Enquirer: 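Sharing a structure below in structure tokens format, with a few things to ask.
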Amino acid sequence: MANPSSKSSGKAPAGGTTRITPRATDYSKWYLDIVEQAQLADHSAVRGCMVIRPYGYSIWEKMQRELDQRFKDTGHQNAYFPLFIPVSFLSREARHVEGFAKECAVVTHHRLRAKTDKSGVEVDPESRLEEPLIVRPTSETIIWSAYKQWIQSYRDLPILINQWANVVRWEMRTRLFLRTAEFLWQEGHTAHATEAEALEETRRMLEVYRDFAENIMAMPVLRGEKTPGERFAGALETFSIEGMMQDRKALQAGTSHYLGQNFARAFDVQFLNAQGQLEHVYASSWGVSTRLIGGLIMTHSDDAGLILPPKLAGIHAVIVPIYKTDEEKTKVYAECEKVMAEIKAQGHGVHWDKREGLSPGSKYYDWEIRGVPLRIEIGPRDVDSGKLVLVRRFVLEQPGENEKALRMRKKQILSRQEALASITPALAEMQQQLFQRALAFRQKNSRLINSMGEYDEFFKQGGGFAWVHWAGTQEDEETMAKQHQTSIRNIPLPGQGPEGSDAPGVCILTGKPSARRVVMSQSY
RNA sequence: CGAGCCGUAGCGCAGUUUGGUAGCGCGUCUGCCUUGGGCGCAGAAGGUCGCGAGUUCAAAUCUCGCCGGCUCGACCA
């Protein structure tokens with residue numbers, strides 16, 4: 001055993017530079033290391049709440065831009081409703097309050113006063129609120145109380161509104177991005193004259209989420225309906241998109257709910273239809289949150305750090321200059337300037353790392369951890385030969401390939417012109433291959449399972465998505481959850497599973513006939 | 001919320017058993033030297049030891065309470 005204070009041997013870093021824990025060693029440590037070292041987020045002084053750092057927030061901003069455009073393209077407008085909700089509003093819808101009551105932050109007073117011993121301040125008991133307010137865990141109630149004022153006739157419908165906001169859910173156990181007490185999200189809340197229209201909206205937004213997840217995040221997702229036990233509190237139907245993370249657990253990445261007339265009844269929102277009859281309004285709601293950033297990390301990243309799909313990268317290429325003398329620096333900098341301008345002109349984000357006193361190697365590690373898709377190295381040799389060194393953060397692994405060969409393939413020395421011309425296609429290819437790789441991973445770890453024996457074996461071997469026929473009760477579901485730490489992620493819409501997954505069969509637990517398979521797995 | 005572990009400089013940790021001057025590595029700053037995968041040398045700055053109370057001549061160290069983090073469970077649109 002080496003003395004911990006002695007110099008480490010081999011190619012370990014010279015100093016105590018923090019390294020990322022490999023996935024194989026400790027998956028959740030790996031995840032936290034990336035969040036921390038890529039400077040995405042920090043824990044804050046408040047339990048369960050995070051500070052989203054600029055680099056992490058820039059990813060959220062990119063996501064927002066893409067999603068917001070899709071919402072606008074499907075006819076929605078943004079609006080904003082209050083952070084506080086009268087506690088009585090929550091209880092208007094019975095299931096809704098049941099679902100959220102246990103995780104609400106409550107405001108009961110509006111004033112502080114100095115303590116008598118001058119040691120600080122305390123709640124002024126005189127300032128107790130007539131009715132406590134909760135900090136919104138979701139906004140259905142406050143929004144439907146407003147919709148009541150807006151809707152009288154079928155001519156006022158549909159209302160297609162989205163809100164970008166923060167919400168608070170006092171979770172028992174939190175993890176950065178995946179489950180925090182406060183998180184950022186968007187919530188769409190729509191009102192319709194007919195059930196069919198509201199259902200269509202519910203499915204349309206599920207498809208918007210799928211499109212965004214797969215084409216922007218390069219994260220394949222399964223669309224499907226949640227079982228009654230997993231439904232949103234107050235919904236008649238809940239649909240989700242579920243991604244498979246690299247540890248083969250599922251992550252619920254977005255939900256779209258058909259709320260029927262539940263909230264319209266709770267807030268007495270009726271409209272006069274074209275036939276002159278009063279009717280309750282039909283509703284949908286749908287949301288995705290900063291949890292997506294957690295999904296992004298766990299879908300693509302590797303032991304060297306974050307890997308960003310180009311469409312979510314603010315910086316697509318980083319330029320690292322290499323020089324010894326002032327003379328070389330001048331020469332190299334002139335070239336960097338030109339290369340930077342040309343990449344910018346192509347419409348890509350580019351950053352020139354001018355930090356002094358850091359070796360190029362340090363900079364390489366730095367940008368790798370942050371997941372920047374392309375690195376361009378420019379040294380005197382390159383300037384003289386009219387070439388550029390272009391290094392990709394990610395190339396598709398080939399079977400049996402060792403780490404050194406992989407690294408060699410990431411690095412190309414190209415003529416300046418060739419290198420610049422290859423940036424756009426390289427980014428497009430990376431985006432495509434990240435999706436392909438994640439999809440192949442999910443397929444490899446998805447299986448049609450027809451007996452409890454197979455089921456046990458599958459999860460003993462590491463698990464994944466088990467496509468099983470199911471006709472059990474909610475109690476049966478809970479029993480499965482206890483015994484296997486698995487749950488029904490959703491009942492996938494047809495056409496998404498392995499060969500033969502859409503055929504009817506019999507429940508693996510009860511043997512009763514079943515029309516469709518469900519996907520069971522461990523989850524976040 | 002239950003069990004276990006943890007909280008000492010920006011980061012990672014030693015010191016706590018047996019109370020007695022606040023330590024190490026990395027990072028940071030200054031200068032020199034370097035720069036094609038985490039350079040080197042010299043010097044310097046940096047601390048309410050998570051917070052509060054208690055025991056004591058004396059508390060990072062012992063006691064009690066609280067806060068926060070990690071892992072596992074319970075819980076979780």
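In the text below, chain A, chain B and the rest are named by the order of the sequence lines, each starting its count at 1. Quick note: numbers below take in every heavy atom, side chains included, and nothing from hydrogens, waters or symmetry partners. Note that the structure is a prediction, hence the values are computed from the model and not measured.
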Enquirer: Watson-Crick or G-U wobble partner for B:C70, using a 3.5 Å limit on both distances?
Expert: B:G4
Enquirer: For A:Glu327 and A:Thr325, test the side chains for any donor-to-acceptor distance below 3.5 angstrom and give the result as yes or no.
Expert: no
Enquirer: Suppose you measure atom P in B:G36 against the same atom in B:G69; what distance do you get, rounded to whole Å?
Expert: 41 Å
Enquirer: What interatomic distance, in whole Å, is found between P of B:A45 and the corresponding atom of B:G40?
Expert: 22 Å
Enquirer: Considering only atom C1', compute the distance from B:G10 to B:G20 and round it to an integer number of Å.
Expert: 30 Å
Enquirer: Kindly give the heavy-atom pair with the smallest separation between A:Arg179 and A:Arg173, and that separation in Å.
Expert: CD-O, 3.3 Å
Enquirer: Watson-Crick or G-U wobble partner for B:A58, using a 3.5 Å limit on both distances?
Expert: none
Enquirer: If we call it a pair only when both distances are under 3.5 Å in a Watson-Crick or G-U wobble match, what pairs with B:U16?
Expert: none
Enquirer: Taking any heavy-atom pair under 4.0 Å as a contact, classify A:Gly48: base, sugar-phosphate, or nothing.
Expert: sugar-phosphate
Enquirer: Which whole number of Å gives the distance between the P atom of B:G43 and that of B:U16?
Expert: 30 Å
Enquirer: Using atom C1' in both nucleotides, what's the gap between B:C13 and B:C6 to the nearest angstrom?
Expert: 12 Å
Enquirer: Polar-atom pairs under 3.5 Å, protein N or O versus N or O of nucleotides 72-75 of chain B: list them with distances, or write none.
Expert:
| unit_1 | atom_1 | unit_2 | atom_2 | d |
| --- | --- | --- | --- | --- |
| B:C72 | OP2 | A:Arg173 | NH2 | 2.8 |

Enquirer: Under a plain distance cut-off of 3.5 Å, with no hydrogens placed, do A:Asp26 and A:Thr21 share a side-chain donor-acceptor pair?
Expert: no
Enquirer: Under a 3.5 Å cutoff, is there a donor and acceptor pairing between the side chains of A:Trp164 and A:Asp68?
Expert: yes
Enquirer: C1' atom, B:G2 versus B:U55: distance in rounded Å?
Expert: 31 Å
Enquirer: Using the P atom on both, measure B:U8 against B:C76 and round to a whole Å.
Expert: 34 Å
Enquirer: Atom CD of A:Glu36 to atom C1' of B:C11: distance rounded to whole Å?
Expert: 8 Å
Enquirer: Considering only NZ, NE, NH1 and NH2 on the basic side and carboxylate oxygens on the acidic side, decide whether A:Glu401 and A:Arg409 come within less than 4.0 Å.
Expert: yes
Enquirer: With heavy atoms under 4.0 Å as the rule, sort A:Phe183 into base, sugar-phosphate or nothing.
Expert: base
Enquirer: Taking pairing as Watson-Crick or G-U wobble with both contacts under 3.5 Å, can you name the mate of B:A44, or confirm there isn't one?
Expert: B:U28
Enquirer: Please measure how far the C1' atom in B:G25 lies from the corresponding atom in B:C67, and state the result in whole Å.
Expert: 29 Å
Enquirer: Which base sits across from B:C75 as a Watson-Crick or G-U pair, both distances under 3.5 Å?
Expert: none
Enquirer: Mind checking if A:Trp185 touches a base, just sugar-phosphate, or nothing, with heavy atoms under 4.0 Å?
Expert: base
Enquirer: Are the aromatic ring centres of A:His484 and A:Phe459 under 6.0 angstrom apart?
Expert: no
Enquirer: Provide the closest heavy-atom pair for A:Glu377 versus A:Val391 in the form atom of the first, atom of the second, distance.
Expert: OE2-CG2, 3.5 Å
Enquirer: Check for me whether the distance between the ring centres of A:His96 and A:Phe263 falls short of 6.0 Å.
Expert: yes
Enquirer: Which pairs of donor and acceptor atoms, one on a side chain in residues 201-213 of chain A, lie under 3.5 Å apart (sequence neighbours left out)?
Expert:
| unit_1 | atom_1 | unit_2 | atom_2 | d |
| --- | --- | --- | --- | --- |
| A:Glu201 | OE1 | A:Arg204 | NH1 | 2.8 |
| A:Glu201 | OE2 | A:His76 | NE2 | 2.6 |
| A:Glu201 | OE2 | A:Trp286 | NE1 | 3.3 |
| A:Thr202 | OG1 | A:Ala198 | O | 2.8 |
| A:Arg204 | NH2 | A:Glu200 | OE2 | 2.9 |
| A:Glu207 | OE1 | A:Arg210 | NE | 3.1 |
| A:Glu207 | OE2 | A:Arg210 | NE | 3.1 |
| A:Glu207 | OE2 | A:Arg210 | NH2 | 2.7 |
| A:Tyr209 | OH | A:Gln186 | OE1 | 2.5 |
| A:Tyr209 | OH | A:Gly287 | N | 3.0 |
| A:Arg210 | NH1 | A:Glu214 | OE1 | 2.6 |
| A:Asp211 | OD1 | A:Asn215 | ND2 | 2.5 |
| A:Asp211 | OD2 | A:Arg70 | NE | 2.7 |
| A:Asp211 | OD2 | A:Arg70 | NH2 | 3.3 |

Enquirer: Are any protein N/O atoms closer than 3.5 Å to N/O atoms in nucleotides 29-37 of chain B? If there are, list each pair with its distance.
Expert:
| unit_1 | atom_1 | unit_2 | atom_2 | d |
| --- | --- | --- | --- | --- |
| B:U35 | N1 | A:Tyr323 | O | 3.4 |
| B:U35 | N3 | A:Tyr323 | O | 3.4 |
| B:U35 | O4 | A:Lys324 | O | 3.3 |
| B:G36 | N7 | A:Arg381 | NH1 | 3.4 |
| B:G36 | O6 | A:Pro380 | N | 3.4 |
| B:G36 | O6 | A:Arg381 | N | 2.9 |
| B:G36 | N1 | A:Asp382 | OD2 | 2.5 |
| B:G36 | N2 | A:Asp382 | OD2 | 3.0 |
| B:G37 | O6 | A:Glu368 | OE2 | 3.4 |
| B:G37 | O6 | A:Arg375 | NH2 | 2.9 |
| B:G37 | N1 | A:Glu368 | OE2 | 2.8 |
| B:G37 | N2 | A:Glu368 | OE1 | 2.9 |

